[in-house]
Number of protein chains: 2
Amino acid sequence: MKRGPQRSVDPRAVLDAALELVDGGGLTMRALAARVGLTPGALYTYFPDRAAIMNALADRLLAEADLGVLEDRARPPHQRIEDFALTLREVLLRHPAAVPVILGAAYSGPVALRVGESMLGVLPDPRACYAVMVYVLGAIALEAAELVDSGGKDGKDGKDGKDGKDGKESKESKDSKSGKDGKSAEARGALPSEAERIAVRRAALVVDPEAFPRTHAAADAIAAYISTDQFRWGLRRLLAGL
Amino acid sequence: MKRGPQRSVDPRAVLDAALELVDGGGLTMRALAARVGLTPGALYTYFPDRAAIMNALADRLLAEADLGVLEDRARPPHQRIEDFALTLREVLLRHPAAVPVILGAAYSGPVALRVGESMLGVLPDPRACYAVMVYVLGAIALEAAELVDSGGKDGKDGKDGKDGKDGKESKESKDSKSGKDGKSAEARGALPSEAERIAVRRAALVVDPEAFPRTHAAADAIAAYISTDQFRWGLRRLLAGL
DNA sequence: ACCTGAACACCGTTCAAGT
DNA sequence: ACCTGAACACCGTTCAAGT
């Protein structure tokens, strides 16, 4: 009972490849076509345009978070929210480059509707629901933004420095682009552990103690902004206030 | 005591033009160069790359929010937070297309440092500070995302239709690009009022009452997610929990 | 130092033509 | 219906050459 697929590739395989490319730092119609063995133009038989692919991707990622925990009547309400938020964060932080799209599609997608409906089941006040969504998505977005331009290979943004004083800026680290097969983006693997990322943030956090005394004093806590503990702490505070 | 500017345009004017282009839906090195009367290549004398322009823009916008209210010892602490958050939201929602960049530059910029230092002055616990930042930036990001792809003129996404059946597609509505003055993008003006935007959201919120009973019942409140009242309500709840 | 002109290496999208 | 090949109208960035 196959629904008459006379296409040469499964649409879901296209989405799989697209997600890999997004994770790799650059989704391109041309690269995507090459990945699935098609011509760029043929992709427009599968999706109307690039934005449609991104939206489909956002919905798929949202669907990966376990809605079950949100509806598990065995746990106390606030725990259900917290558990779901933690799994959502985990899923999305595995694909940080896709997070901005999710922010944009937060309301619209079909899965987003289901999540909203479930949340209203545990938090009946819609204002409270939205406050939680704002906190959860805001925290994820902030963390993802940091992951994407520090851990993200060579996407398209400027690298580490911010003024070109050092001198050496071109000619290097630019060779991995010209190939047509585009298989070079698989050295990604596991991103650094939370402890490592906090340590890196701590080391980078050098401020003038005269000009920024409080920031200087709080440097350890600030470095740990991206921690799971901080995420949970803030969420619990918010839930306590609702 | 001019600092020896032998450039033909003020760097701040370049940033002004860049902001206008971002607001208009599409910042392009070529368009920016044309706006300020330069060649694309000449821009690289002012900024190392496009990302640097975006970061400078983010910092400038952050600086527009009134830091004074955050340090006004006359008001109670939570009020200072709330007032600052409201002005920041107002500033950023005037430039929704620039908001994603601000999410990315939230930690790094010099102005961001100052904001953080001031916030620690009123909310001494850094975890509380970050929770507030997460909520405020998250809410702004969610609202901006909706503004940018519903109100955003004709940036680079498909226009109204999505299939080119009408026939007439080239040759027209494309004349405003080749000119060198590029003044065509000033029909922007005032975006719709909050009440109007809520009404539009409410009208678009049609869900199956059987499948999504709670969403259906809460439709009015959901449409008002983007309201200043909702923003303030959630912020107050969070502050209450801290 | 700043700028131009021209190029390089890309993009997303469209479309006649084939099957 | 699906796909190819080729084109169109763009991109950001670099760089020799001029001043």
Side-chain angles (χ1 to χ4, degrees), chain A residues 2-11 13-14 18 21-22 25-34 36-54 154-159 164-165 167-182 184, chain B residues 2-11 13-14 18 21-22 25-34 36-54 154-159 161-180 182:
Chain A
K2 8 185 96 168
R3 308 92 160 167
Q6 45 194 141
R7 341 186 70 130
S8 64
V9 306
D10 187 335
V14 176
L21 286 171
V22 167
L27 169 62
T28 277
M29 298 303 272
R30 290 168 140 91
L32 179 55
V36 298
L38 286 177
T39 265
L43 286 177
Y44 293 82
T45 313
Y46 294 77
F47 297 94
D49 55 21
R50 190 181 181 281
I53 297 180
M54 294 300 272
D154 50 348
K156 48 188 58 176
D157 302 331
K159 332 229 83 154
K165 264 187 183 169
K168 50 158 183 174
E169 58 248 24
S170 55
K171 283 284 191 317
E172 307 191 28
S173 73
K174 206 155 253 183
D175 41 1
S176 60
K177 270 287 183 62
S178 50
K180 197 159 205 175
D181 42 21
S184 61
Chain B
K2 10 184 94 170
R3 310 90 158 171
Q6 47 194 137
R7 338 188 71 129
S8 66
V9 308
D10 187 334
V14 176
L21 286 171
V22 167
L27 169 61
T28 278
M29 298 303 272
R30 290 168 140 92
L32 178 56
V36 299
L38 285 177
T39 264
L43 286 178
Y44 293 80
T45 313
Y46 293 78
F47 297 94
D49 54 20
R50 189 182 181 280
I53 297 180
M54 294 300 273
D154 51 345
K156 54 187 53 177
D157 304 331
K159 334 225 82 157
K162 63 178 55 177
D163 46 0
K165 266 189 182 166
D166 311 43
K168 51 160 184 175
E169 60 250 22
S170 54
K171 286 285 191 318
E172 307 193 25
S173 75
K174 208 156 254 184
D175 42 2
S176 60
K177 271 286 183 62
S178 51
K180 204 157 204 173

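From a predicted model like this one, the values you see are computed outputs, not experimental measurements.
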Worksheet, complete the sentence: Sorted by chain and number, sequence neighbours left out, side chain to side chain contact (heavy atoms under 4.5 Å, CB included) with A:T45 holds for A:R7
Practice prompt. Grab the OH-C1' distance between A:Y44 and C:dC15 for me, whole Å please.
Written response: 13 Å
Response to the item:
Parsed dot-bracket for DNA chain C after applying the Watson-Crick and G-U rules with both distances under 3.5 Å and | for other-strand partners is ||.|||||...|||||.||
Worksheet, complete the sentence: Testing D:dT13, D:dG5, D:dA1 for proximity to the side chain of B:M29, the answer is D:dT13
Worksheet item: What is the nucleic acid contact for B:F47, judged by heavy atoms within less than 4.0 Å: base, sugar-phosphate only, or nothing?
Response: nothing
Worksheet item: B:R50 side chain: which of D:dG12, C:dT4, C:dC2 is closest?
Response: D:dG12
Item to complete: Quickly work out the A:L43 CG to C:dT14 C1' distance and round it to whole Å.
Response: 13 Å
Item to complete: Output all residues satisfying side chain to side chain contact (heavy atoms under 4.5 Å, CB included) with B:S8, sequence neighbours left out; order by chain, then residue number.
Response: B:L38, B:Y46
Discussion item. Side-chain N or O of A:Y46 versus OP1/OP2 of D:dC2: is the shortest distance under 4.0 Å?
Written reply: no
Response to the item:
Minimal heavy-atom distance between B:V14 and B:L43, with the atoms involved, is CG1-CD2, 4.3 Å
Item to complete: Name all residues meeting the side chain to side chain contact (heavy atoms under 4.5 Å, CB included) criterion together with A:A13; count only those two or more places apart in sequence or in a different chain, and write none if there are none.
Response: A:D10
Practice prompt. Calculate the interatomic distance between A:D49 atom CG and C:dT13 atom P; express it in whole Å.
Written response: 5 Å
Practice prompt. Starting from C1' on D:dC10, measure out to CG on B:L21 and report it in whole angstrom.
Written response: 16 Å
Discussion item. Nearest to the side chain of A:L38, heavy atoms from C-beta on, is which of D:dC3, C:dT13, C:dT4?
Written reply: D:dC3
Worksheet item: With B:A31, which residues qualify under side chain to side chain contact (heavy atoms under 4.5 Å, CB included), at least two apart?
Response: B:L21, B:T28
Discussion item. Is the phosphate of C:dC3 approached by B:S8 (side-chain N or O, under 4.0 Å from OP1 or OP2)?
Written reply: yes
Practice prompt. Determine the contact category for A:T28: base if any of its heavy atoms lies under 4.0 Å from a base atom, sugar-phosphate if only primed atoms, P, OP1 or OP2 are that close, otherwise nothing.
Written response: sugar-phosphate
Worksheet item: Which listed nucleotide (D:dC2, C:dC3, C:dG12) is nearest to the side chain of B:A42?
Response: C:dC3
Fill in: Gap separating the CZ atom of B:R30 from the OG1 atom of B:T39, nearest 0.5 angstrom
10.0 Å
Worksheet entry | Side chain of B:Q6 (C-beta onward), nearest among C:dA1, D:dC2, D:dT13 | C:dA1
Practice prompt. Would you give the length of the straight line joining atom CG of A:L27 to atom CZ of A:R50, rounded to the nearest 0.5 angstrom?
Written response: 4.5 Å
Worksheet item: Between D:dT14, C:dA1, C:dG12, which nucleotide has the shortest distance from any of its atoms to the side chain of A:R30?
Response: C:dG12
